[in-house]
Participant: 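I have a structure I would like to understand better, so I am pasting it below and will then ask my questions one at a time.
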Amino acid sequence: MIDKKPKTYNEIVRLKKCYTLTNYFNNITENVFNEIYNFLGQSPDNSIIANQQVLSFVDATTKVIKTIPLVPKNNSFDAIRIGKTGVSVTPHYDPSSYHSSGGSSSNNNNNNNNNNNNNR
């Protein structure tokens with residue numbers, strides 16, 4: 001159980017951001033949670049960036065301060081970024097499930113143009 005008692009609005013927001021990570025990773029222990037929470041509180045420009053293997057503590061100069069190996073709960077994301085502007089989750093891209101339908105629209109436009117030219 002995480003034992004944080006936020007006192008300000010910013011602390012509540014920071015706590016919520018940290019809890020977001022627990023939805024995506026199995027091994028966010030109380031110590032890791034507290035470390036993330038404290039790091040984000042040190043500077044508004046600090047951020048946490050994670051992919052499915054590693055969580056990185058990034059300072060205001062975009063220097064990686066520390067990394068922690070992670071175990072994802074699922075493969076639904078490619079990256080997570082927590083910073084002063086909020087939490088950003090990049091969904092997982094699976095190229096085998098991508099289907100393009102742009103060609104039919106283009107063909108319809110070409111057919112319409114051809115029909116218009118023939119009617120002149």
Side-chain angles (χ1 to χ4, degrees):
M1 174 81 186
I2 307 303
D3 190 27
K4 290 285 181 193
K5 306 272 189 260
K7 296 178 178 95
T8 67
Y9 174 77
N10 287 336
E11 289 175 352
I12 292 170
V13 170
R14 184 170 12 128
L15 188 64
K16 175 115 172 83
K17 289 176 184 178
C18 292
Y19 271 116
T20 300
L21 286 174
T22 64
N23 294 327
Y24 292 93
F25 299 103
N26 288 323
N27 62 330
I28 302 288
T29 64
E30 186 173 353
N31 288 338
V32 170
F33 186 96
N34 288 331
E35 195 171 351
I36 293 166
Y37 180 86
N38 293 334
F39 179 75
L40 290 172
Q42 290 173 1
S43 168
D45 293 323
N46 284 353
S47 60
I48 299 294
I49 299 174
N51 60 28
Q52 290 191 10
Q53 293 86 29
V54 150
L55 180 135
S56 300
F57 294 73
V58 181
D59 71 5
T61 64
T62 65
K63 179 181 175 189
V64 175
I65 303 299
K66 179 180 181 175
T67 60
I68 297 174
L70 294 176
V71 177
K73 287 184 177 180
N74 58 52
N75 292 333
S76 66
F77 68 95
D78 283 337
I80 300 173
R81 178 180 172 80
I82 298 177
K84 65 181 171 185
T85 59
V87 177
S88 168
V89 178
T90 304
H92 179 64
Y93 170 71
D94 184 6
S96 65
S97 67
Y98 178 76
H99 300 288
S100 175
S101 61
S104 62
S105 171
S106 176
N107 287 339
N108 286 340
N109 287 339
N110 288 339
N111 289 340
N112 289 339
N113 288 338
N114 289 339
N115 288 339
N116 288 339
N117 288 337
N118 291 337
N119 291 334
R120 289 188 188 164

Participant: Same hydrophobic cluster for I80 and V54, using side-chain heavy-atom links shorter than 4.5 Å among ILVMFWY?
Facilitator: no

Participant: I36 and side chain to side chain contact (heavy atoms under 4.5 Å, CB included): which single residue from L40, N34, N38 fits?
Facilitator: L40

Participant: Say you draw a straight line from SG of C18 to CD1 of I28; how long is it, rounded to the nearest 0.5 Å?
Facilitator: 9.0 Å

Participant: Following the transitive rule for hydrophobic clusters with a side-chain heavy-atom cut-off under 4.5 Å over Ile, Leu, Val, Met, Phe, Trp and Tyr, establish whether F33 and I65 coincide in one cluster.
Facilitator: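 Same cluster.
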
Participant: Apply side-chain contact (heavy atoms from CB on, under 4.5 Å) to T85 and list each qualifying residue two or more places apart in sequence or on a separate chain.
Facilitator: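 side-chain contact (heavy atoms from CB on, under 4.5 Å) check on T85 returns nothing, list empty.
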
Participant: Sequence neighbours excluded, which residues qualify as side chain to side chain donor-acceptor pair (under 3.5 Å) partners of K84?
Facilitator: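 Scan of K84 (side chain to side chain donor-acceptor pair (under 3.5 Å), adjacent residues dropped) gives D45.
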
Participant: Could you work out, with side chain to side chain donor-acceptor pair (under 3.5 Å) as the rule, every residue matching K63, not counting sequence neighbours?
Facilitator: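 Residues passing side chain to side chain donor-acceptor pair (under 3.5 Å) with K63: none at all.
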
Participant: Can a donor-acceptor pair be found between the side chains of T61 and D59 at a distance below 3.5 Å?
Facilitator: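 Their side chains do contain a donor-acceptor pair, which is all the 3.5 Å distance test asks for.
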
Participant: Looking at P69, is its backbone amide N or carbonyl O close enough to the side chain of N27 to form a donor-acceptor pair, meaning the two atoms are under 3.5 Å apart?
Facilitator: yes

Participant: Can you tell me how far apart CG (N51) and CG (D78) are? Round to the nearest 0.5 Å.
Facilitator: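 Interatomic distance, N51 CG to D78 CG, rounded to 0.5 Å: 9.0 Å.
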
Participant: In chain order, what residues pass the side chain to side chain donor-acceptor pair (under 3.5 Å) check against N74, with sequence neighbours excluded?
Facilitator: S76

Participant: Quick check for you: to the nearest 0.5 Å, what is the distance between I48 atom CD1 and T20 atom OG1?
Facilitator: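 So the gap between those two atoms works out to 12.5 Å.
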
Participant: Scan for ring pair (Phe, Tyr, Trp, His ring centres under 6.0 Å) pairs involving residues 57-91, sequence neighbours excluded, and state none if there are none.
Facilitator: Y24-F77, F25-F77, F39-F57

Participant: If Ile, Leu, Val, Met, Phe, Trp and Tyr residues are connected whenever their side-chain heavy atoms lie under 4.5 Å apart, and connections chain through other members, are V87 and L70 in the same group?
Facilitator: yes

Participant: Please list, chain by chain and in numerical order, all residues satisfying salt bridge (Lys or Arg N to Asp or Glu O under 4.0 Å) with K73, sequence neighbours excluded.
Facilitator: none

Participant: So, for V89 and P91, which heavy atoms are closest and what is the spacing to 0.1 Å?
Facilitator: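 Result for this residue pair: O-CD, 3.4 Å.
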
Participant: Whether the side chain of K17 engages the backbone of G83 through a donor-acceptor N/O pair (distance < 3.5 Å, no angle test) should be reported.
Facilitator: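 Yes, the answer is positive, given that a donor and an acceptor are paired below the 3.5 Å cut-off.
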
Participant: S47 versus R81: any side-chain heavy-atom pair under 4.5 Å?
Facilitator: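 Counting from C-beta outward, S47 and R81 do come under 4.5 Å.
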
Participant: Is any side-chain heavy atom of L55 closer than 4.5 Å to one of L21?
Facilitator: yes

Participant: Shortest non-hydrogen contact from S56 to V64?
Facilitator: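 In terms of heavy atoms, the two residues are closest at CB-CG1, 4.1 Å.
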
Participant: Taking N75 for the side chain and H92 for the main chain, is one N or O donor matched with an acceptor at less than 3.5 Å?
Facilitator: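 Flag not set: sc N75 to bb H92 has no pair under 3.5 Å.
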
